[in-house]
J.: 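My questions will all concern the structure given below.
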Amino acid sequence: MSLVGARVIRKEDPNLITGRGTFVDDIRPAGCLWMAFVRSTEAHATITSVDKSAAEAMRGVHGVWTLDDLADLPPLPGVPGMERHVLARAKARFVGEPVAVLVADDRYVAADAAEAVVVNYDPLPVVVSVQAAMAEGAAIVLDEIQTNVPFGIPAEDQHDEVFANAPHTASIHLVNQRCAPTPIETQGCVADYGPEGLTMHITFQAPHHMRNAMSAWLGVPQHTVRIISPDIGGAFGSKIVFSPEYFLTAALSKKLGRPVKFVQTRSEAMVLTTHGRDQVHDAEVAFDDDGKILGLRVNVVQNVGAWPDPTGMGLGVLTTWMTSGVYKIPKIAASFSNCLTNTTPVAAYRGAGRPEAAYMVERVIDLVADELGLDAAEVRYRNFIQFEDMPYPSATNEAVCYDSGNFPAAMDELLRLMDYETLKVAQAERNADLSQPLMGIGFSVWIEIAGFGPNGSLEGFGHIGSWESASVRITPDGNAIIATGLAPHGQGNDTAFAQIAADELGIDFEKITVIHGDTETIQQGIGTMGSRAIPLAGEGVKNASIKIRDTAKEIAAHLLEANPADLLVEADTFTVAGSPDKSVTWAEVATASFQPLQLPVGTEPGGLNTTVFQTAPNFSYPSGAYGCIVGIDRDTGAVNVERYVLIDDCGTVINPLLAEGQVHGGAAQGIAQALFEHMSYDEAGQPQTSTLIDYLVPSAADLPGFEAGRIVTVTPNNTLGAKGIGESGAVGAPPAVVNAVVDALSGFGVRHVDMPVTPEKVWRLLSAANGAADAAAT
Ligand code: MCN
């Protein structure tokens with residue numbers, strides 16, 4: 001029986017749920033010191049003085065440093081010409097930016113010492129919003145570049161004639177608010193710089209990427225830097241950023257000759273860890289009387305915060321690439337600008353640029369339906385790219401070619417599961433009954449880019465390329481060890497990789513161990529980003545397993561005096577087809593592989609060990625159709641998600657249990673973005689939501705029980721036929737919620753509500769509409 005496609009429970013869990021996981025904060029080397037920051041209380045200010053004397057005099061403090069004291073440290077790897085330093089240089093540019101660092105005996109002394117450092121600031125004008133930062137005469141965030149808009153890509157053609165001649169046009173202004181990634185485990189690291197080099201335990205998604213960058217930054221050979229990403233309690237994209245604290249612990253460990261540790265508190269994480277989203281869209285759509293879209297123009301402004309992070313600078317590229325969504329839009333003009341502000345830097349967050357695109361297109365489709373008085377599902381059907389159109393080159397950019405998908409089929413399945421026709425009748429009844437909550441139905445038919453990245457697309461990323469490494473090694477007792485360069489942090493990839501290998505090797509699933517996350521045991525790797533585990537590393541595991549199996553068959557055939565082509569392998573055993581009594585076990589073959597006299601002539605000993613550097617010819621494009629039903633309290637404006645139906649298409653599913661878990665988690669984040677989460681600042685740049693009291697991550701009670709279905713269109717870009725699914729829920733979920741809310745409120749003349757759709761916003765809209773109705777009646 002094939003394990004690919006089976007609902008296998010997670011290999012990882014017994015360790016984790018019995019408290020045997022090893023997270024960074026569990027690493028406590030002897031003599032370890034603690035690092036703490038003095039962080040800016042001002043959003044934009046000249047640092048006029050830093051008085052370290054009281055802190056330096058405290059017992060247990062080993063040193064206090066500003067950037068001037070660490071002048072030998074180079075800037076961090078980053079965007080050329082705009083590199084950030086490990087500490088603020090002359091000016092503070094956002095609240096929470098590290099101004100000074102200190103090291104003490106333990107975290108309590110370190111925290112007290114940080115309080116004792118006195119920093120004087122001369123405040124400067126602050127820009128928080130992109131509108132303020134782009135205004136004439138706005139305060140400049142980075143003096144060295146003298147502009148707040150360091151990068152952007154304009155549209156080649158605005159398609160004016162399409163818009164001038166279209167029967168209808170409509171426009172919409174959308175704010176995709178700033179979110180904090182908020183994994184359960186905050187960022188942390190333990191650096192131990194000894195005579196033989198640096199060993200670092202770190203919460204990082206791409207250990208090899210960090211090794212390469214760290215060794216270059218320290219100016220030491222790569223093999224003297226060992227990066228270990230142990231168990232990681234979630235990341236959602238935020239642990240791929242070169243945060244200053246990682247580099248400082250290494251530098252200070254080297255300076256002091258002692259291990260140095262830093263683990264963010266939760267409120268530090270809210271301002272130190274990069275944020276996500278924060279885009280403003282102005283979209284204009286041209287369409288005909290039937291609701292067929294003729295053209296789409298969108299201008300995106302990305303708030304990148306106070307320091308441009310390379311992943312943050314690339315978000316607009318991904319958004320503009322995906323502005324066609326699942327629709328045939330003949331003319332697209334998509335442009336973006338990156339804008340600096342006095343806020344925490346913005347970088348990758350689950351979906352990274354694609355949720356913003358999906359949100360824009362799906363709101364635009366509802367806008368068209370609303371303008372023409374058409375059913376929102378019907379307008380989608382009229383514009384879908386068809387199954388026969390695949391592979392489909394999008395009109396957005398020549399790099400974007402959808403590999404596979406069947407959007408009408410996904411929508412059919414969604415409407416069937418929702419029972420749409422019955423729902424519409426129920427909606428009409430409910431909305432006419434003032435004693436019942438208002439009801440709204442919303443859709444999101446979305447597509448995203450996964451499987452980062454195809455040949456060439458990640459070149460330059462840590463000075464390597466666009467692949468993932470997968471090694472398979474058979475031990476003499478017939479067990480298999482799989483090692484991948486991909487370092488997961490909650491996805492359950494060990495289980496999925498073992499399923500793939502078990503099918504190819506014919507070795508029992510329980511006898512397969514997966515390792516990752518240590519640059520000493522795994523020589524090269526890229527890491528986790530852009531839902532690439534299965535399309536890249538999974539495909540690599542498959543190909544490495546096939547290679548090993550074929551070599552093993554040669555040895556088994558030699559031992560059995562049979563033809564390798566006649567051998568079958570299953571249940572840990574090679575048998576000769578038609579002669580089941582002639583067999584040899586994997587353990588016997590693996591043992592023989594180390595015994596030269598047992599091997600066929602010309603076979604080297606130790607050969608059941610191979611590494612594949614797996615590439616892909618293209619991205620994979622998962623897609624889906626989501627439907628949401630909301631109930632809105634007419635008195636308070638509170639939105640209740642009554643049902644959420646998810647139809648996903650990630651091609652071949654390796655493990656439905658894990659794939660559904662991934663979608664549930666992502667959809668929870670997407671629904672939370674739609675209704676609850678907003679990392680907000682006041683006009684002085686002070687964060688208003690830097691604790692989990694103010695920043696509303698959802699609890700299980702805030703979420704519906706998900707109803708999940710699936711369609712399968714395989715990708716031609718790997719032999720598994722599998723696309724990534726790790727970000728799908730987060731990409732697809734928000735628009736269905738907002739579309740449902742606007743649908744519920746449409747009878748009150750409401751055309752749009754920005755996320756998060758708080759009870760207050762809805763209450764104000766209902767009150768305004770009721771007030772207007774009362775005024776009209778008198
Ligand atoms: N899977 C499957 N069949 C497929 C594709 C995936 O069964 N065709 C299942 C596999 O079991 C696999 C898992 O889904 O283990 C995820 O695989 P994949 O979609 O290839 O994505 P990655 O492992 O590369 O995950 C990255 C993605 C990203 S980019 C973010 S951000 C993210 C996410 O996954 N952050 C997460 N999921 C997360 N899940 C947890 N628990 N924590 C995070 O921080």
Side-chain angles (χ1 to χ4, degrees), residues 3-13 16 179 181-185 187 203-206 229 231-241 273 276 311 318 347-355 404 448-453 468 484-500 514 516 526-542 616 619-622 624 648-670 710 712-715 717-718 720-731:
L3 275 193
V4 166
R7 299 177 79 85
V8 178
I9 59 169
R10 288 170 30 124
K11 243 182 190 324
E12 297 85 338
D13 284 349
L16 294 173
C179 295
T182 338
I184 292 174
E185 183 198 27
Q187 290 183 7
T203 51
F204 208 70
Q205 299 172 210
S229 293
D231 288 322
I232 295 184
F236 308 120
S238 65
K239 290 174 180 169
I240 196 130
V241 172
T273 300
T311 68
L318 293 169
Y349 169 46
R350 201 172 194 169
R354 292 96 82 203
S404 66
E448 65 126 339
I449 314 181
F452 282 33
E468 193 48 88
T484 69
L486 191 119
H489 39 273
Q491 291 85 352
N493 292 341
D494 294 10
T495 305
F497 295 155
Q499 287 175 259
I500 294 168
V514 182
H516 42 69
I526 299 285
T528 298
M529 71 206 83
S531 300
R532 65 197 303 272
I534 299 301
L536 270 296
E539 177 75 358
V541 167
K542 178 177 174 180
F619 295 103
S620 67
Y621 290 85
D648 274 278
D649 177 5
C650 64
T652 305
V653 183
I654 307 303
N655 183 329
L657 194 65
L658 299 186
E660 280 163 25
Q662 283 295 302
V663 172
H664 288 184
Q669 284 173 306
R710 172 170 312 290
V712 174
T713 61
V714 295
T715 175
N717 295 325
N718 57 64
L720 289 165
K723 312 172 199 179
I725 200 170
E727 293 159 286
S728 293
V731 174

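Both ligands and their constituent atoms are indexed starting at 1 by order of listing. Keep in mind that this is a model prediction, so the values were computed, not measured.
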J.: Measure the OG1-CG distance between Thr484 and Asn493 for me, rounded to the nearest 0.5 Å.
T.: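 One gets 7.5 Å once the value is rounded to the nearest 0.5 Å.
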J.: Would you mind listing which atoms of ligand 1 come within a distance below 4.0 Å of any non-hydrogen atom of Gly724?
T.: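 Listed by number with element, the hits are 19 (O), 20 (O).
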J.: Is Gly726 close to ligand 1, meaning an N/O of one under 3.5 Å from an N/O of the other?
T.: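 N/O-N/O distance under 3.5 Å: yes.
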J.: Can you check whether Ile534 has an N/O within less than 3.5 Å of an N/O in ligand 1?
T.: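 By distance alone, the answer is yes.
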J.: Can you measure from CD (Gln499) to CG (Asn655) and round to the nearest 0.5 angstrom?
T.: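 Rounded to the nearest 0.5 Å, the CD-CG separation comes to 4.0 Å.
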J.: Using a strict cut-off of 4.0 Å, indicate which atoms of ligand 1 neighbour a heavy atom of Ala722.
T.: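 It comes down to these atoms of ligand 1: 8 (N).
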J.: Is it the case that ligand 1 has an N or O less than 3.5 angstrom from some N or O of Ala533?
T.: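 Among all N and O atoms of Ala533, at least one is under 3.5 Å from an N or O of ligand 1.
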J.: To the nearest 0.5 Å, what is the distance between CD1 on Ile534 and CD1 on Ile500?
T.: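 Separation between the atoms: 4.5 Å.
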J.: Below 4.0 Å, non-hydrogen atoms only: which portion of Ile725 touches ligand 1? Side chain, backbone, both or neither.
T.: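 Looking at Ile725 and ligand 1, atoms from backbone and side chain both fall under 4.0 Å.
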J.: Distance to 0.1 Å, residue and atom name: give those for the protein heavy atom nearest to atom 15 (O) of ligand 1.
T.: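 Protein heavy atom with the smallest distance to atom 15 (O) of ligand 1: Asn493 OD1, 2.4 Å.
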J.: Are Gly665 and ligand 1 in contact, using a heavy-atom cut-off of under 4.0 Å?
T.: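 It does not; every heavy atom stays at 4.0 Å or beyond.
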J.: If you have a sec, work out which protein heavy atom is nearest atom 2 (C) of ligand 1 and how many Å separate them, to one decimal?
T.: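 Checking every protein heavy atom, the shortest distance to atom 2 (C) of ligand 1 gives Ile654 N, 3.6 Å.
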J.: With a 3.5 Å cut-off and no angle check, do the side chains of His664 and Gln662 form a donor-acceptor pair?
T.: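 Not at all, the side chains of His664 and Gln662 share no donor-acceptor pair under 3.5 Å.
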J.: Just going by heavy-atom distances, which of Pro488, Gly234, Ser531 is nearest to atom 21 (O) of ligand 1?
T.: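 It is Ser531 that holds the nearest heavy atom.
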J.: In terms of atom number and element, which parts of ligand 1 are under 4.0 angstrom from non-hydrogen atoms of Leu658?
T.: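 That gives atoms 11 (O) of ligand 1.
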J.: Is the shortest heavy-atom distance from the side chain of Arg532 to the side chain of Glu468 under 4.5 Å?
T.: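 Answer yes - side chains close enough.
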J.: Counting only heavy atoms not in Leu16, do more than 12 sit closer than 6.0 Å to its CG atom?
T.: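 Result for CG/Leu16: enclosed.
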J.: Roughly how far apart are Met529 CE and Gln205 CD, rounded to 0.5 Å?
T.: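 The distance works out to 7.5 Å.
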J.: Considering only the protein, which heavy-atom contact is closest to atom 7 (O) of ligand 1, and what is its distance?
T.: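 The closest one turns out to be Asn655 N, 2.8 Å.
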J.: Indicate whether any N or O donor in one side chain lies under 3.5 Å from an N or O acceptor in the other, for Lys723 and Ser531.
T.: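 Checked: Lys723/Ser531 side chains show no N/O donor-acceptor pair below 3.5 Å.
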J.: Is it the side chain (CB and beyond), the backbone, both or neither of Pro535 that lies under 4.0 Å from ligand 1, heavy atoms counted?
T.: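 For Pro535, the contact with ligand 1 is made by the side chain alone.
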J.: Applying a 4.0 Å heavy-atom criterion (strictly less than), which segment of Gln662 is in contact with ligand 1: side chain, backbone, both, or neither?
T.: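 It is the side chain that touches ligand 1; the backbone stays farther off.
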J.: Is Glu727 close to ligand 1, meaning an N/O of one under 3.5 Å from an N/O of the other?
T.: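 There is no such contact.
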J.: Answer with side chain, backbone, both or neither: which part of Cys650 has a heavy atom less than 4.0 angstrom from an atom of ligand 1?
T.: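 Both backbone and side chain.
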J.: Is the shortest heavy-atom distance from the side chain of Ser229 to the side chain of Lys239 under 4.5 Å?
T.: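 No, too far: nothing below the 4.5 Å cut-off.
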J.: Less than 3.5 Å between some nitrogen or oxygen of Ala235 and one of ligand 1, yes or no?
T.: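 In this structure, Ala235 places an N or O atom under 3.5 Å from an N or O of ligand 1.
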J.: With a cut-off of 4.0 Å, which atoms of ligand 1 are near a heavy atom of His489?
T.: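 Counting from 1, the qualifying ligand atoms are 35 (N), 42 (N), 43 (C), 44 (O).
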J.: What's the separation between atom CD in Glu539 and atom CG in Leu720, rounded to the nearest 0.5 Å?
T.: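 Glu539 CD to Leu720 CG: 4.5 Å, rounded to 0.5 Å.
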J.: Before you tell me yes or no, could you show the steps for Asp494 and Arg10 under salt bridge (Lys or Arg N to Asp or Glu O under 4.0 Å), namely the whole-Å CA-CA distance, both residues' side-chain angles and the distance that decides it to 0.1 Å?
T.: CA-CA 8 Å; Asp494 294 10; Arg10 288 170 30 124; over 6 Å; no
J.: Which bit of Lys723 gets closer than 4.0 Å to ligand 1, counting heavy atoms only: side chain, backbone, both or neither?
T.: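 For Lys723, the contact with ligand 1 is made by the backbone alone.
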J.: Using a strict cut-off of 4.0 Å, indicate which atoms of ligand 1 neighbour a heavy atom of Ala496.
T.: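 Ligand 1 atoms under the 4.0 Å threshold to Ala496: 10 (C), 11 (O), 15 (O).
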J.: Using only atom types and a distance under 3.5 Å, with no angle test, would you say the side chain of Glu727 pairs donor to acceptor with the backbone of Ile725?
T.: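 No, the answer is negative, given that no donor and acceptor are paired below the 3.5 Å cut-off.
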J.: Enumerate the atoms of ligand 1 whose separation from the nearest heavy atom of Gly492 is less than 4.0 angstrom.
T.: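 Those qualifying, in numeric order: 15 (O).
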J.: Does Thr528 reach the main-chain N or O of Leu486 with its side chain, forming a donor-acceptor pair under 3.5 Å?
T.: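 Pair absent, no side-chain N/O of Thr528 close to backbone of Leu486.
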J.: Just verifying a value: how many Å separate Lys542 NZ and Asn718 CG, rounded to the nearest 0.5 Å?
T.: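 It comes to 8.0 Å.
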J.: I want to confirm something. Looking only at heavy atoms, which of Phe452, Phe236, Tyr349 is nearest to atom 42 (N) of ligand 1?
T.: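 Ranked by closest heavy atom to atom 42 (N) of ligand 1, first place is Phe236.
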J.: Output the list of atoms in ligand 1 that are nearer than 4.0 Å to some heavy atom of Gly237, sorted by atom number.
T.: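 In order of number, 31 (S).
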J.: Show, in sequence, the C-alpha distance, side-chain angles and deciding distance for Gln669 and Tyr349, and conclude whether the side chain to side chain contact (heavy atoms under 4.5 Å, CB included) test is met.
T.: CA-CA 10 Å; Gln669 284 173 306; Tyr349 169 46; 3.5 Å; yes
J.: Students should be able to answer this: which protein heavy-atom is nearest to atom 32 (C) of ligand 1, and at what distance?
T.: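 Sorting protein heavy atoms by distance from atom 32 (C) of ligand 1 puts Gln491 NE2, 3.7 Å first.
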J.: Tell me the contacting part of Thr652 for ligand 1: side chain, backbone, both, or neither, using a 4.0 Å heavy-atom threshold, strictly below.
T.: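 The part of Thr652 near ligand 1 is the backbone, not the side chain.
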J.: Mark up the atoms of ligand 1 that fall under 4.0 Å of a heavy atom belonging to Gly530, in ascending order.
T.: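 Taking each heavy atom of Gly530 in turn, ligand 1 has 29 (S) under 4.0 Å.
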